[in-house]
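Before any comments, here is the structure.
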Amino acid sequence: MSETPHRYTAELADRVEVAWQDRWEEEGTFRAPNPAGPWADPEGVACRGPNGKLLVLDMFPYPSGAGLHVGHPLGYIATDVFARYHRMLGENVLHCLGYDAFGLPAEQYAVQTGQHPRKTTEDNIVIMKRQLRRLGLGHDDRRAVETIDPAYYRWTQWIFLQIYDSWYDETAARPDGGLGKARPIADLVAQFEAGERPVPGEDGRGWIDLSAAERGEILDSYRLAYTTEAPVNWAPGLGTVLSNEEVTNEGRSERGNFPVFKKNLRQWMMRITAYADRLADDLDRVDWPEKVKAMQRNWIGRSQGARVGFPVVGSGESIEVFTTRPDTLFGATFMVVAPEHPLVDGLVPQGDWPEGTKPEWTGGAETPAAAVAAYRRATSRRSDVERQMEGKDKTGVFTGAYATNPVNGQAVPVFVADYVLASYGTGAIMAVPGQDERDWDFAKRFDLPIIRTVRPAEGHDPDTAYTGDGPAVNSANDEISLDGLGVAEAKERIVAWLEDKGAGHGTINYKLRDWLFSRQRYWGEPFPVVFDEDGVSHALPESMLPLELPDVPDYSPRTFEPEDDSSEPEPPLGRVTEWVEVDLDLGDGIRHYRRETNTMPNWAGSCWYFLRYLDPANDEAFVDPANEAYWMAPQANPVEGAPVGTVDPGGVDLYIGGVEHAVLHLLYARFWVKVLHDLGHLTSEEPFRRYFAQGYIQAPAYTDGRGTYVEASEVEETVPAIGGEPVFTYRGEVVTREFGKIGKSLKNMVSPDDMYRAYGADTFRLYEMGLGPLEHSKPWDTRAVVGSQRFLQRVWRNVVDEETGALVVSEEAPSDELNRLLHKTIDAVRRDFATLGFNTAIARLTELNNALTKLEAAPRAVVEPLVLMLAPLAPHIAEELWSRLGHPDSLAYEPFPVADPELLVDATVTCVVQIKGKVRDRVDVPADITEGALRELVLALPKVEQAIAGGVRTVVVRAPKLVNVVPA
RNA sequence: GCCCCCGUAGCCCAACCGGCAGAGGCAGCCGACUUAAAAUCGGCCCAGUGCGGGUUCGAUCCCCGUCGGGGGCACCA
């Protein structure tokens, strides 16, 4: 029998923690009341949230087969601490966690193990739930939604139909004064029917004259969710197509790293480009890390410029280019079109090279047609990876055609080159080598003329393009002169001139493309859409939702050789004929339809899960409007740092998660929320009002001589002689240490289960929060966890006798000094919790506790606030101590200690005396000493008198803390 | 190549508005407890802020340059 049976050990922590987790669950401690909906509890809202509400959110976790590692809970603990703190401030806090359970990894795992993805997914969720529960997170357990639940994806499908049944009206006024918003497609049909809007098409037929198929095609060109045949990213190794956001720079799939090919396929798209401006502009209205905003702005890639037509010599055609530098038009000495540009065929003249063709322009071919054909063939065969590898060496051939520069009538040669991208701008450029590095390189390579139209700054290398600002030169014709103007003004002038001449117009261009929304996989939400015999799509009525994913014997996708770009996607649902072929009555009697066999990407479920958290039991609506407004509505004051006059967009109060979703999930969710807002379903215009990007927990990983990772847990460390570097060995072989993301691939998994066992959840929580700032990536060090345990042991010992279990706090009042320390600690900890500075909060609490440890017995008047302040970080031990201190109720809603401002300042402070900025003396003075008195007092100090024997130049007084004397 | 962030003790990190470089933890060392060890407890040691300039009475903090680390973008016209 141990002599200290009541010591705070891992075993004791385990008992205490599990007991409190049970009690929280039984009492529904963290269930947040809703104002409306099926759980309407307005009274609960009123008494639980006298100080308002708080919606705290974690990124939607994917239940992986490997279970959690110690990196996963970092954000969950942080939000939990924040949420618990705010509950103690008297706010109604909603914090919960659900599961994003559709998607590729689950399906691949299922295929590997021969089990149904539903089975493996559900098993994984069970494991993850157990691991998370053991962490002691204060989640509202009723709100743990799962995307694979038909009661959930019914609403994912419903939202899809809202988007499908909408179009973007550029001219519609928004409440915020801007123009453009989503409207029901029925409004558009009404406009066509009434003749208020011209029906697209050249034959002048009216809406009623069109066939159903023709109408369907026109509507598809407006719908925010539509099918179209377009070049898409096809990954044969995955058996599915992917969105642009899911393809890496190297032209491979983000998941699985398979090669991706461009292929023309009919696919579902989301018209996210309609929202490009608002998605870019509204970043000013949210509180996000600047780097994430920058990444989104970058991805949207808005650039202001002009479109200019260059008439092709000897043809009625004109090549339209996009340029951000219309001010440099006079320096456009040639043009380049992308190899895939549809105009190329029409450009190339029959017969021989024209007069003036330089030998290097021909690519060695006899005729322009041969040269262009050969070049196009060569580029189409090269993958993006190969183009990348070739660096920036410019290639291309002359098309044999010339086009006329509209500002000076010069005929300039037109080239085909792959440095111009078909997918950006108009797929054609005017080349201005004097002011563009890429054009400069091309001009040098192909011996083309270079005209500078901006005078380079002093010291500019004359052998390079000049892209900076400066006065225009060589930029005049009979009607207009830009000479002498700066870039900005020159742009304005020339655009006005072009518009006047009808040669071009100012415009805005975006890098953002529409979002490819279908996948040829089984494990996803089915599209609530059917096609009739003409191929026209029809929405299923709401009454037919959810359209359940059929249980099929063969759910594995057809995958191909990763390099086989001739393959075609084959969705698994396409094999379920009895499901695909249906007879339905959609309003004009029973007819035969074919279901959509693609499924949605797993971003679909995560685009709106936070809305379902608000009202998960509602089967009348995806969320009750009153609940949405309560938790998400725009607030009276905009976020800090927003431009003056900003109207708050509303949204989740705090969202914490890794930065890896900066342009995927975060952009998609913003888009959906904006559409739903436009359609009147949401008060909020943004999903995430405040987003905080957490750092990663990194762990040591070890490689052997061949560079292969070895199991980190089996590596031994030996520290040789003093001062020597530690040596790491694995099975006798010396290995090299590095730090990286925790996971299977680096073989450095550390499971939270091990931490619970060895230390308990509170110690683990404290360790992760105490490591350093939340936004930093930090190395995991299992050996260091013990420090957090020691702290909790010392706290415990200040309250409980380790031998008898008796309460040992003193009922005597604390000393003035201790009381002041307590109040300073309260003040600091409150500030730290508010700003997510958990590491410094822990340091302050440790300091306060260390002061108690030195006493014979810790006074209750200090212990109780200490326990309350510790509660958000280490809730189990805090609950246990609180209970032992004689409080029967959970402390979850106990008011957080308040600092007395009187006690934050000491009666006397130490004033630093500097001479010429160097500390030379210090003196204790009353805290409220006046500047004059302090000055006199310091000047009378012996050391100072000595130093200023030769006179005084200045005396800087910062009462009461500092005086700096500068002798003459 | 361009843009952003970060360099403080052996390691992770503090330092309010430009005002004494150190709060907390790990590791190390010494001591207490122990037959011993582990655990625990008490104590100690350790940097002048990557480097070079500048502004200032005074710089970890502001400015310029430079080196190192991390991240983003990368023919986007």
Side-chain angles (χ1 to χ4, degrees), chain A residues 2 4 7 9 249 289-295 298-299 301-303 305 321-326 328 332 336 387-388 390-394 417-421 423-432 435-439 441-442 509-512 659 662-663 693 695-696 719 722-723 725-726 766-767 770-773 775-791 793-794 797 802 825 828 831 837 839-847 849-850 853-854 910-922 953-956 958 961-967:
Chain A
S2 147
T4 52
R7 165 173 295 197
T9 59
N249 287 334
E290 271 312 316
K291 69 169 173 182
V292 177
K293 290 188 184 183
M295 283 162 75
N298 212 313
W299 188 261
R302 175 166 57 186
S303 52
V321 302
F322 173 73
T323 175
T324 56
R325 292 293 302 276
T328 64
V336 184
R387 285 198 194 183
Q388 192 89 3
E390 282 164 20
K392 301 198 169 170
D393 285 346
K394 296 287 179 289
D418 67 358
Y419 84 91
V420 170
L421 308 175
S423 58
Y424 185 77
T426 62
I429 63 156
M430 64 176 205
V432 187
Q435 275 78 232
D436 184 284
E437 285 162 18
R438 298 150 303 182
D439 297 344
D441 293 344
F442 193 88
N509 195 60
Y510 303 90
K511 210 176 102 183
L512 183 72
V659 77
V663 288
Y696 296 109
V719 184
I722 298 159
E725 290 291 310
L766 213 50
Y767 174 70
L771 256 183
E775 65 271 31
H776 285 191
S777 286
K778 294 145 295 203
W780 175 265
D781 182 7
T782 299
R783 282 182 311 182
V785 181
V786 69
S788 303
Q789 189 186 32
R790 286 183 194 143
F791 166 55
Q793 276 177 336
R794 287 197 294 268
R797 207 179 306 119
E802 291 188 337
T825 305
R831 261 204 312 274
N839 55 325
T840 47
I842 291 169
R844 303 307 290 250
L845 293 173
T846 307
E847 205 178 359
N849 187 59
N850 286 350
T853 305
K854 291 185 175 68
T910 302
C911 175
V912 173
V913 179
Q914 295 182 337
I915 292 168
K916 261 191 91 179
K918 301 280 175 256
V919 180
R920 289 287 177 262
D921 204 356
R922 50 198 65 172
R953 197 163 96 201
T954 5
V955 180
V956 181
R958 292 279 177 276
K961 288 175 72 177
L962 177 131
V963 177
N964 185 14
V965 181
V966 186

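What's counted below: heavy atoms across the whole structure, side chains too, no hydrogens, waters or symmetry copies. These figures come from a predicted structure and were not determined experimentally. Order of the sequence lines sets the chain letters (A, B, ...), proteins ahead of strands, with each chain counted from 1.
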task = Report the base-pairing partner of B:rA15 (Watson-Crick or G-U wobble, both distances below 3.5 angstrom), or none.
result = none
query = For A:Arg797 and B:rC41, is the shortest distance between a side-chain N/O and OP1 or OP2 below 4.0 Å?
reply = yes
task = Syn or anti for B:rG48, please, going by whether the chi angle lies within 90° of 0.
result = syn
query = Taking only side-chain nitrogens and oxygens of A:Arg794, does any of them come within less than 4.0 Å of OP1 or OP2 of B:rG25?
reply = yes
message = Tell me if B:rC17 is syn or anti. Syn = glycosidic torsion within 90° of 0, anti otherwise.
response = syn
key: Distance, P atom - from B:rC45 to B:rU8, rounded to whole angstrom   = 23 Å
request  = Give a yes/no answer on whether the side chain of A:His776 brings an N or O atom under 4.0 Å of OP1 or OP2 in B:rC13.
outcome  = yes
inquiry  = With heavy-atom distances below 4.5 Å as the criterion, would you say the side chains of A:Gln914 and A:Leu962 are in contact?
reply    = yes
ask   = Can a cation-pi geometry be assigned to A:Lys394 and A:Phe442, taking NZ or CZ under 6.0 Å from the six-membered ring centre and within 45° of the ring axis?
value = no
query = Think A:Lys854 has a side-chain N or O under 4.0 angstrom from the OP1 or OP2 of B:rC41?
reply = no
inquiry  = In whole Å, measure the gap between the C1' atoms of B:rA9 and B:rA15 for me.
reply    = 15 Å
request  = Please state whether the phosphate of B:rC16, meaning OP1 or OP2, lies under 4.0 angstrom from any side-chain nitrogen or oxygen of A:Arg831.
outcome  = no
message = Can you tell me which nucleotide in B:rC26, B:rC12, B:rA23 comes closest to the side chain of A:Asp781?
response = B:rC26
query = What distance, rounded to whole Å, do you find between the two P atoms, one in B:rG24 and one in B:rG68?
reply = 36 Å
key: Same-atom distance (P) from B:rC20 to B:rC62, integer angstrom   = 16 Å
ask   = What is the distance, rounded to the nearest whole Å, between atom CH2 of A:Trp780 and atom C1' of B:rC12?
value = 13 Å
Identified pairing partner of B:rU60, criterion: Watson-Crick or G-U wobble below 3.5 Å = none
inquiry  = Base, sugar-phosphate or nothing for A:Thr954? Non-hydrogen atoms, less than 4.0 Å.
reply    = nothing
message = Say we look at B:rC17 and B:rC11: how far apart would their C1' atoms be, to the nearest angstrom?
response = 32 Å
Rounded P spacing from B:rG48 to B:rU40 in Å = 32 Å
note = From the candidates B:rG24, B:rA14, B:rA77, the one with an atom nearest any side-chain atom of A:Tyr424 is B:rA77
remark   = Answer for the Watson-Crick or wobble partner of B:rC26, both distances under 3.5 Å, is B:rG10
Base B:rC20 paired with A:Arg922 side chain (donor-acceptor, <3.5 Å) = yes
query = From the list B:rG24, B:rC75, B:rG72, which nucleotide is the closest neighbour of the side chain of A:Lys394?
reply = B:rC75
key: Nearest listed nucleotide, side chain of A:Pro779, among B:rC12, B:rC41, B:rA77   = B:rC12
ask   = Can you tell me if A:Asn509 uses its side chain to pair, donor with acceptor, with the backbone of A:Ser303 under 3.5 Å?
value = no
inquiry  = Between A:Lys961 and A:Gly772, which residue's closest nucleotide on RNA chain B lies nearer the 5′ terminus?
reply    = A:Gly772
Listed nucleotide nearest any side-chain atom of A:Leu421, set B:rA77, B:rG19, B:rC13 = B:rA77
task = Consider the side chain of A:Glu847, meaning its heavy atoms from C-beta on, and name the nucleotide among B:rA23, B:rU40, B:rA77 that approaches it most closely.
result = B:rA23
A:Val912 side chain, from C-beta outward: closest of B:rC20, B:rC13, B:rG43 = B:rC20
ask   = Does A:Arg958 make a side-chain N or O approach to OP1 or OP2 of B:rC17 shorter than 4.0 Å?
value = no
request  = For A:Leu845 and B:rA23, give me the distance from atom CG to atom P, rounded to whole Å.
outcome  = 17 Å
message = Of the listed nucleotides (B:rC20, B:rA23, B:rC26), which one gets closest to any side-chain atom of A:Arg790?
response = B:rC26
inquiry  = For A:Asp439 and A:Tyr419, which I'm curious about, is there any donor-acceptor pair between the side chains at under 3.5 Å?
reply    = yes
task = Return the orientation label for the A:Tyr424 and A:Phe322 ring planes: parallel under 30°, perpendicular over 60°, tilted otherwise.
result = perpendicular
request  = Calculate the interatomic distance between A:Tyr419 atom OH and B:rA74 atom P; express it in whole Å.
outcome  = 19 Å
inquiry  = Can you tell me whether the side chain of A:Gln914 and the base of B:rG19 have a donor-acceptor pair closer than 3.5 Å?
reply    = yes
ask   = Taking the C1' atom of each, how far is B:rG7 from B:rC44, in whole Å?
value = 29 Å
ask   = In Watson-Crick or G-U wobble terms, both distances under 3.5 Å, what is the partner of B:rA38?
value = none
request  = State whether A:Ser303 places a side-chain N or O below 4.0 Å from either non-bridging phosphate oxygen (OP1 or OP2) of B:rA77.
outcome  = yes
query = Between A:Val663 and A:Met430, which has a closest nucleotide on RNA chain B that is more 5'?
reply = A:Val663
A:Asn839 side chain near B:rA14 phosphate (N/O to OP1/OP2, under 4.0 Å) = yes
query = Taking the P atom of each, how far is B:rA39 from B:rG70, in whole Å?
reply = 35 Å
request  = Ignoring the backbone of A:Asn850, work out which of B:rA77, B:rG25, B:rA14 is nearest its side chain.
outcome  = B:rG25
note = Scanning all shown strands, the Watson-Crick or wobble mate of B:rG1 with both distances under 3.5 Å is B:rC73
